Amino acid sequence: MLAKRIIPCLDVDAGRVVKGIKFVDIRDAGDPVEVARRYNTEGADEITFLDITASSDQRDTIVQVVEKVAGEVFIPLTVGGGIRKVEDVRKMLNAGADKVAINTAAVFNPELVQECSSRFGSQCIVVAIDAKQVSPPDTPSQWEIFTHGGRKATGIDAIAWATKMSEYGAGEILLTSMDRDGTKRGFDLKLTRTIAQAVPIPIIASGGVGTLQHLVDGIKLGLADAVLAASIFHFGEYSIAEAKRFMAEQDIEVRL
Amino acid sequence: MSQRIAIIDYGMGNLHSVAKAIEHLMAPSDQVWVTNDAQLIQRADRIIFPGQGAARDCMLAINKQVRETVLMAVREKPFLGICMGLQVLLDHSAENAGTDLLGVISGQVQAFDKSQSINGQTLKIPQMGWNQVQQQDTTHFLWKGIPNNSRFYFVHSYYVAPKNQSLIAGTTNYGITFTSALAYNNLFAVQFHPEKSAELGLRLLKNFLHWNP
């Protein structure tokens with residue numbers, strides 16, 4: 001049976017992994033290759049790099065990061081952050097990325113998703129959605145999508161947007177709850193489940209993981225196909241191997 | 001003994017991952033060529049035929065020269081098809097309202113049935129992620145060192161259904177049981193991506209580099 005995936009996400013700034021990685025046996029916790037290699041050894045099913053480089057003259061550092069990691073770590077690599085044009089996608093794929101995540105640019109130019117998926121194949125186009133609940137309590141839930149790292153409202157309904165993106169050729173959706181991101185209170189399960197049932201493509205749940213039970217809930221209750229987490233792995237609270245064992249004990253199909 | 005490995009580049013998708021994995025595994029004296037040059041392909045000792053994207057685009061990208069070279073290589077040399085490089089070997093695909101393929105292996109390429117469900121959940125298409133491969137002949141050289149039912153990384157919406165069941169080298173379950181690996185003389189072809197399947201995927205590629213059918 002197809003396994004549910006665990007995907008660690010690494011923030012990369014000017015070619016360096018940021019947000020403390022606490023592995024006692026890693027010499028250079030800022031080196032993307034070392035960190036990726038470590039996650040691979042622990043059994044990560046994929047690795048996602050989020051480029052948060054602000055200055056434009058250091059933009060190409062992520063390309064070198066992808067090149068180096070892809071030469072040594074042989075599991076799927078996704079790159080997101082700052083993807084604006086077809087050319088950006090091509091550059092990442094040529095560097096060795098398997099999938100490219102498009103977020104803000106998709107909102108301003110939905111045809112970009114169409115163009116990239118028809119040019120490079122749906123399998124490598126991930127649409128990243130940052131969603132926030134906008135309905136008042138005790139009313140039917142509604143979520144709106146936000147851009148620019150969750151700072152700008154768009155007025156677009158998250159379910160309608162996810163549906164449209166799958167029709168435009170997205171191969172997968174990376175769904176982040178802005179309400180839960182960084183809170184360690186667990187995924188927004190209602191949001192995850194609603195989107196997972198609305199679209200025919202796989203969903204990666206993201207935002208809010210604080211415990212291993214949250215990962216289980218994302219899959220069992222949120223119906224996600226994959227779960228993405230950053231801090232619980234980076235700060236050494238849990239290893240990916242521990243997370244997988246925990247999930248397997250709860251009868252979730254994982255790659256051990 | 002040094003050898004030359006040609007990865008056929010007909011402009012469809014990400015061949016760099018395959019090349020990087022081979023470079024990682026091969027002997028220092030080996031050479032890897034990512035090429036669509038028929039002469040180079042003819043000089044190579046081993047051929048890898050990858051591919052991604054839609055069937056029609058792949059077939060449009062395979063020009064007469066690439067087609068003839070592939071048809072020749074598939075009879076003569078250790079030949080490894082990966083993903084679309086497996087599918088295009090068959091007769092015909094249901095993709096893009098029907099696409100004729102190379103016809104090396106008799107059979108069809110079919111779509112997963114979207115109305116299928118697993119444990120009450122609708123089947124997500126594409127199948128994306130790590131699934132198990134049940135080896136039909138565990139003694140095949142390419143499965144050497146790879147436990148039966150190991151997981152490999154898949155990304156696809158269509159699967160092959162060869163007419164001759166004896167060519168099936170591996171099967172996988174996703175709503176239905178489908179053929180995830182084919183073997184025929186010097187040909188081996190897989191639906192999954194060994195170059196993205198961690199240690200066991202690398203093992204399969206390494207086996208291919210040492211295979212003398």
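The figures that follow rest on heavy atoms only: side chains count, while hydrogens, waters and symmetry mates do not. Owing to the predicted nature of the structure, the values given are computational and were not obtained by experimental measurement.
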Hey, are the side chains of B/K196 and A/E46 touching, using non-hydrogen atoms and a 4.5 Å cut-off?
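When only atoms from C-beta onward are counted, A/E46 and B/K196 do not touch, as no gap falls below 4.5 Å.
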So how far is it from [X] [atom1] to [Y] [atom2], rounded to the nearest 0.5 Å?
X	Y	atom1	atom2	result
B/Q127	A/Q123	CD	CD	13.5 Å
B/S17	A/I75	OG	CD1	12.0 Å
A/L256	B/R151	CG	CZ	8.0 Å

Using a 4.5 angstrom heavy-atom cutoff, name the option from B/S150, B/G175, B/P126, B/G201 with the most pairs to chain A.
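Counting heavy-atom pairs under 4.5 Å, the top option is B/P126.
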Which of the residues B/M128, B/H156, B/H193 is involved in the greatest number of heavy-atom pairs with chain A at under 4.5 angstrom?
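Answer, by heavy-atom pair count under 4.5 Å with chain A: B/M128.
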Picking from A/P202, A/A226, A/G121, which has the most non-hydrogen pairs under 4.5 angstrom with chain B?
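Most heavy-atom pairs within the cutoff with chain B belong to A/P202.
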Who among A/I203, A/N40, A/L223, A/L77 has the most heavy-atom pairs with chain B under 4.5 Å?
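Result: the option with the highest number of such pairs is A/L223.
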Mind listing the closest non-hydrogen atom pair of A/F74 and B/A21 along with its distance?
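Minimum heavy-atom separation between A/F74 and B/A21: CE2-CA, 3.4 Å.
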So which atom in A/D45 and which in B/W130 form the shortest heavy-atom distance, rounded to 0.1 Å?
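For A/D45 versus B/W130, the nearest heavy atoms are O-NE1, 3.0 Å.
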By a 4.5 Å heavy-atom criterion (distance strictly below it), what part of B/S197 contacts chain A: side chain, backbone, both, or neither?
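Just the backbone, heavy atoms under 4.5 Å.
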Neighbour count >12 (heavy atoms, 6.0 Å) for atom CD, B/Q39
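It does not: B/Q39 CD has 12 such atoms or fewer within range.
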For atom NZ of A/K68, is the number of surrounding heavy atoms from other residues, nucleotides or ligands below 6.0 Å larger than 12?
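Counting other residues, nucleotides and ligands, NZ of A/K68 stays at 12 neighbours or fewer.
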Any residue of residues 131-140 of chain B which, by heavy atoms, sits under 4.5 Å from chain A:
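Within residues 131-140 of chain B, the residues that come under 4.5 Å of chain A (heavy atoms only) are B/N131, B/Q132.
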Under the 3.5 angstrom rule, does the side chain of B/K20 hit a backbone N or O of A/E67 as a donor-acceptor pair?
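Here the side-chain-to-backbone pair exists.
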Is the backbone N or O of A/A196 less than 3.5 Å from a side-chain atom of B/K124, with the two atoms forming a donor-acceptor pair by type?
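Present.
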Which bit of [X] is near chain B, if near means a heavy-atom gap under 4.5 Å: side chain, backbone, both or neither?
X	result
A/R255	both
A/D225	side chain
A/S122	neither
A/V254	backbone

